[in-house]
K.L.:
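Before I ask anything, let me first share the structure, which is written out below as C-alpha cells.
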Amino acid sequence: IPKEIKPLLMAHVDSMREVDQHISTNLRKLDGKVVLPIGAAHIFGSYYPNLYERLSDLSPQMYHLGEADKIQAPVEAR
C-alpha cells in the first residue's frame with residue numbers, strides 16, 4: 001500500500017468501526033426480529049470486530065437482497 005494511501009484507508013476503517021459500534025449498540029436495544037440492509041464491507045470487513053462479529057451472539061442470518069424479497073412475514077405481523 002502506498003504510504004500516501006494508508007492514512008486514507010485507516011480513516012475509512014476507523015469510520016467503519018464507529019458505524020458498526022453505533023449500529024450494534026442500537027440493535028441490541030430493539031426487541032424481536034430486525035432486518036438491516038447493510039453493505040458487505042460491514043459483514044465481511046477485514047477489521048476486527050466487524051458488525052457481524054459484534055452481533056454473532058445474536059445468531060444473525062444473512063440474505064442477498066434477492067433472497068430477502070422472497071421471505072414472508074409471519075401472519076401476526078401482516
K.L.:
For residues Val19 and Met16: do they belong to one hydrophobic cluster (side chain heavy atoms under 4.5 Å, members Ile, Leu, Val, Met, Phe, Trp, Tyr)?
P.N.:
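In one cluster: no.
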K.L.:
When rounded to the nearest 0.5 angstrom, what is the spacing between CD in Gln21 and CD1 in Ile23?
P.N.:
10.5 Å
K.L.:
Could you tell me the separation between the OG atom of Ser24 and the CD atom of Glu53, rounded to the nearest 0.5 Å?
P.N.:
11.5 Å
K.L.:
Mind checking what makes salt bridge (Lys or Arg N to Asp or Glu O under 4.0 Å) contact with Arg54, not counting sequence neighbours?
P.N.:
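Per chain and number, Arg54 pairs via salt bridge (Lys or Arg N to Asp or Glu O under 4.0 Å) with no residue.
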K.L.:
Is any side-chain heavy atom of Ile38 closer than 4.5 Å to a side-chain heavy atom of Leu51?
P.N.:
yes
K.L.:
Applying side-chain contact (heavy atoms from CB on, under 4.5 Å) to Asn50 and Ile43, what does each step give before you reach the verdict?
P.N.:
CA-CA 6 Å; Asn50 61 37; Ile43 304 299; over 6 Å; no
K.L.:
We want to know whether Tyr47 and Asp14 form a side-chain donor-acceptor pair, criterion being a heavy-atom distance below 3.5 angstrom.
P.N.:
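No, because no side-chain N or O of Tyr47 sits under 3.5 Å from a partner of the opposite role on Asp14.
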K.L.:
What residues form a salt bridge (Lys or Arg N to Asp or Glu O under 4.0 Å) with Asp31, not counting sequence neighbours?
P.N.:
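Testing Asp31 for salt bridge (Lys or Arg N to Asp or Glu O under 4.0 Å), a comparison that skips the adjacent residues, returns none.
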K.L.:
As an exercise, state the distance from OG1 of Thr25 to CG of Leu27, rounded to the nearest 0.5 Å.
P.N.:
9.0 Å
K.L.:
Taking the side chain as C-beta and beyond, is there a heavy-atom pair between Tyr52 and Met62 under 4.5 Å?
P.N.:
yes
K.L.:
Same hydrophobic cluster for Leu30 and Leu36, using side-chain heavy-atom links shorter than 4.5 Å among ILVMFWY?
P.N.:
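Yes.
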K.L.:
Atom CD of residue position Glu67 - does it have more than 12 heavy atoms of other residues, nucleotides or ligands inside 6.0 Å?
P.N.:
yes
